[in-house]
Amino acid sequence: MKASFRFAVTASLLLGASVAAIGSGSAATRGGIMTYGRYADSLFLDPVLNDANVDIWVLSNLYDTLLLPTDDGKGVQPGLATAWTVAPDGKSVTLTLREGTKFSDGSPITAEDVKWSLERAHDPKNGIWNFLLESLDSVEIKDPKTVVLALKHTDPAILPALSTFNASIMPKKAFEASAGATDADKAKTFGEHPIGSGPFMFQSWSRGSEMKLVKNPYYWRDGDDGKKLPYLDGVTFEVIPDDATRILKVQSGELDGAEFIPFSRVEELKANPAFNMVLFPSTRVFYGNLNVRPKLTDGTANPLANEKLRMALNYAADKDALIAIVTHGVGTPMSSFMSTATPMHVGEGTEFPLDVEKAKALMKESGLSGVTFSCLVLAGNVDQVSTATALQQMWSEIGVTLKIEQVDNATITSRYRAGDFSMRLSVWTDDIADPNEATSYFAYYPTIQSQHSGWKNDEVDALYEKSQSELDPKVRAGQFARIQELYKTGPIVPLFETPYPVVLKKSVKGFVQIPLGNNIFVATSLEK
């Protein structure tokens, strides 16, 4: 068996360590509602037809997958499957389903639900994330507790793919009974009041304001006290786009915790004995996403289609200054479009070190002058506004004018997906411990036109396709190294990597945001 299949073992060997990782070390207090401040609201609660972190990081609390990511984000652990093996030829995966599991409405989770869910997630017509399960050929129900995944080709990332949000196991009957003529119509209806098997279940949603989740009484996992998790009675998410307001609400006691704390406030909150200011390890990269199509949606010529201009922007952007200004020294420069924590990442230091003279020479080579374009920035987000403002000043030195458009998250998402943008500031976090996801999203054109940028490189596309079935880790690493080299002329301005900054009251125990971004409340408790 190849090294790429290092997780292809009987899962029960990992179970002890996995359960210990989510425990709080002593019997936790049960009950209570945790109120958590989010920077933006969710958009759509169907795990297959979405691609936004505001959805993904909540979905893991509502839905369960056959395998779950470990808390360090580097492996997999038992979920709705208790054991799994990969065939010696790498062409099939056999999974043993957990006994007695139920959805949040009390209906049993069956092998048919597993088969239907994976086939739906694999369907190329359903969302952009089907590429993670592209290798799946068929799902066979061997018996009520055993399913066999037959693969079209070997797939070195199939196991972590089974732990991602789009591989969530959903109730076939409830979904198909939802109103709507098409899968998309049914998903819209189902997503208004979803049924899953995660630690929490949906209660209510006031869009743009508040979402309430309550304890799922049928959840399968035990806590340290031997009773079923979660410890909390529920989690209420309050949507507070303005960073300062989120912090004020934590300080006033209205919130138990809040995400995406501006780095400028980290030291202040660390010094306050009432809070735990946590910097969770991450795979989070922060960058400028460029539209490089020859023309914009309004029909005007797009200067960012010029590769020389893009190179000039990269060399004129002072990453060290941005790290100091925006992250207060917490960040580190990007050396690839992948995070340094992503397997098969290649690169050291700053991918494009500051060189204003080189940037000016590249501007001259581009043949462009008087370049002006706009950047979409999340309104109220201190880090994004600070970054855009700094870039505006840096790029003015090479004769480029950057206009800053502050808009809400829903507007950014819709314009980005429609290709109706010149630049946007963006954050990426891996969802699996494999380079294929980030590469497919950033660089492989067929998935979403390289982050809706319009950038296409035939060699990159061919290398990516080969990597999807390559089991020799050395060969595969070489393929991804070459992709990263070719992407240096790609459609982004790589800036910096950062941890996840989360502030919590001292009473909050057991919460974790794993390096893949998911907010894990399953073992969270509110202590007196």
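Hydrogens, waters and symmetry mates are skipped; everything else that's a heavy atom, side chains included, is used.
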Verdict with supporting geometry, D430 and T342, side-chain hydrogen bond (donor to acceptor under 3.5 Å, both in side chains)
CA-CA 8 Å; D430 295 344; T342 301; 2.5 Å; yes

Within the distance-only criterion (no hydrogens, no angle test), does the side chain of [X] pair as donor or acceptor with the backbone N or O of [Y] below 3.5 angstrom?
X: Q77; Y: L67; answer: no
X: N53; Y: G517; answer: no
X: S117; Y: D113; answer: yes
X: R246; Y: I240; answer: yes
X: T189; Y: S178; answer: no
X: N276; Y: V278; answer: no
X: T439; Y: P435; answer: yes
X: E140; Y: A150; answer: no
X: R207; Y: L43; answer: yes
X: T146; Y: D143; answer: no

Looking at side-chain heavy atoms only, is the closest gap between [X] and [Y] below 4.5 Å?
X: Q484; Y: F337; answer: yes
X: V54; Y: R38; answer: yes
X: L229; Y: P199; answer: no
X: F131; Y: S440; answer: yes
X: T65; Y: T164; answer: no
X: K115; Y: V147; answer: no
X: Y63; Y: S197; answer: no
X: H345; Y: F480; answer: no

Could you tell me the separation between the [atom1] atom of [X] and the [atom2] atom of [Y], rounded to the nearest 0.5 Å?
X: L97; Y: I109; atom1: CG; atom2: CD1; value: 9.0 Å
X: M34; Y: L526; atom1: CE; atom2: CG; value: 6.5 Å
X: K74; Y: T70; atom1: NZ; atom2: OG1; value: 9.0 Å
X: S336; Y: M338; atom1: OG; atom2: CE; value: 5.5 Å
X: Q468; Y: L132; atom1: CD; atom2: CG; value: 8.5 Å
X: W428; Y: E437; atom1: CH2; atom2: CD; value: 4.0 Å

Quick one: do F175 and D183 satisfy side-chain contact (heavy atoms from CB on, under 4.5 Å)? Show the steps, please.
CA-CA 9 Å; F175 184 93; D183 184 274; 3.6 Å; yes

[Y] and [X] side chains, donor-acceptor separation under 3.5 Å:
X: N289; Y: S426; result: no
X: T429; Y: Y500; result: yes
X: S209; Y: E238; result: no
X: T498; Y: R284; result: yes
X: W129; Y: N50; result: no

Measure across [X] and [Y] and return the closest heavy-atom pair with its distance rounded to 0.1 Å.
X: T411; Y: S414; value: O-OG, 3.0 Å
X: V460; Y: A443; value: CG1-O, 3.5 Å
X: N130; Y: D123; value: CB-O, 3.7 Å
X: N436; Y: R476; value: CB-NH2, 4.0 Å
X: V58; Y: M211; value: CG1-SD, 4.2 Å
X: L59; Y: P47; value: CD1-CA, 3.7 Å

Under a 4.0 Å N-O cut-off, is there an ion pair linking [X] with [Y]?
X: D222; Y: K228; answer: yes
X: K172; Y: E112; answer: yes
X: K152; Y: E134; answer: yes
X: E192; Y: K188; answer: no
X: R30; Y: D233; answer: no
X: K505; Y: D256; answer: yes
X: R120; Y: D46; answer: yes

Evaluate side-chain contact (heavy atoms from CB on, under 4.5 Å) for L136 paired with L118, printing each intermediate quantity in order.
CA-CA 9 Å; L136 184 63; L118 295 181; 4.2 Å; yes

For K506, does the NZ atom have more than 12 heavy-atom neighbours from other residues, nucleotides or ligands under 6.0 Å away?
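Result for NZ/K506: enclosed.
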
Taking the six-membered ring of Y416 as reference, does the NZ or CZ atom of R424 fall below 6.0 Å from its centre and within a 45° cone about the axis?
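Yes, cation above the ring, under 6.0 Å and within 45°.
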
Ring-face cation of R98 near W220 (centre distance under 6.0 Å, axis angle within 45°)
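Pair R98/W220 counts as cation-pi.
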
Can the ring centres of W57 and F165 be said to be less than 6.0 Å apart?
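Ring-ring flag for W57/F165: false, centres at least 6.0 Å apart.
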
Run the numbers on Y287 and F442 for ring-ring contact (aromatic ring centres under 6.0 Å, His included), then give the verdict.
CA-CA 11 Å; Y287 57 97; F442 276 80; 5.1 Å; yes

Under the side-chain contact (heavy atoms from CB on, under 4.5 Å) rule, what do I56 and D431 come out as? Steps first, then yes or no, please.
CA-CA 9 Å; I56 295 166; D431 296 293; 3.6 Å; yes

Full working for side-chain contact (heavy atoms from CB on, under 4.5 Å) between L66 and V114
CA-CA 8 Å; L66 292 171; V114 172; 4.0 Å; yes

Begin from the C-alpha positions of E527 and S525 and carry the test side-chain hydrogen bond (donor to acceptor under 3.5 Å, both in side chains) through to its verdict.
CA-CA 6 Å; E527 303 298 328; S525 63; 2.6 Å; yes

Of all residues at least two apart in sequence or in a different chain, which pass the ring-ring contact (aromatic ring centres under 6.0 Å, His included) check with F44?
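None.
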
Please list all pairs passing the ring pair (Phe, Tyr, Trp, His ring centres under 6.0 Å) test where one or both residues lie in residues 503-528, with sequence neighbours left out.
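Sorted result for residues 503-528: Y36-F511, Y36-F521, F237-F521, F280-F511, F511-F521.
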
Could you please spell out the steps behind the side-chain hydrogen bond (donor to acceptor under 3.5 Å, both in side chains) verdict for Y464 and Q479?
CA-CA 7 Å; Y464 173 78; Q479 293 166 338; over 6 Å; no

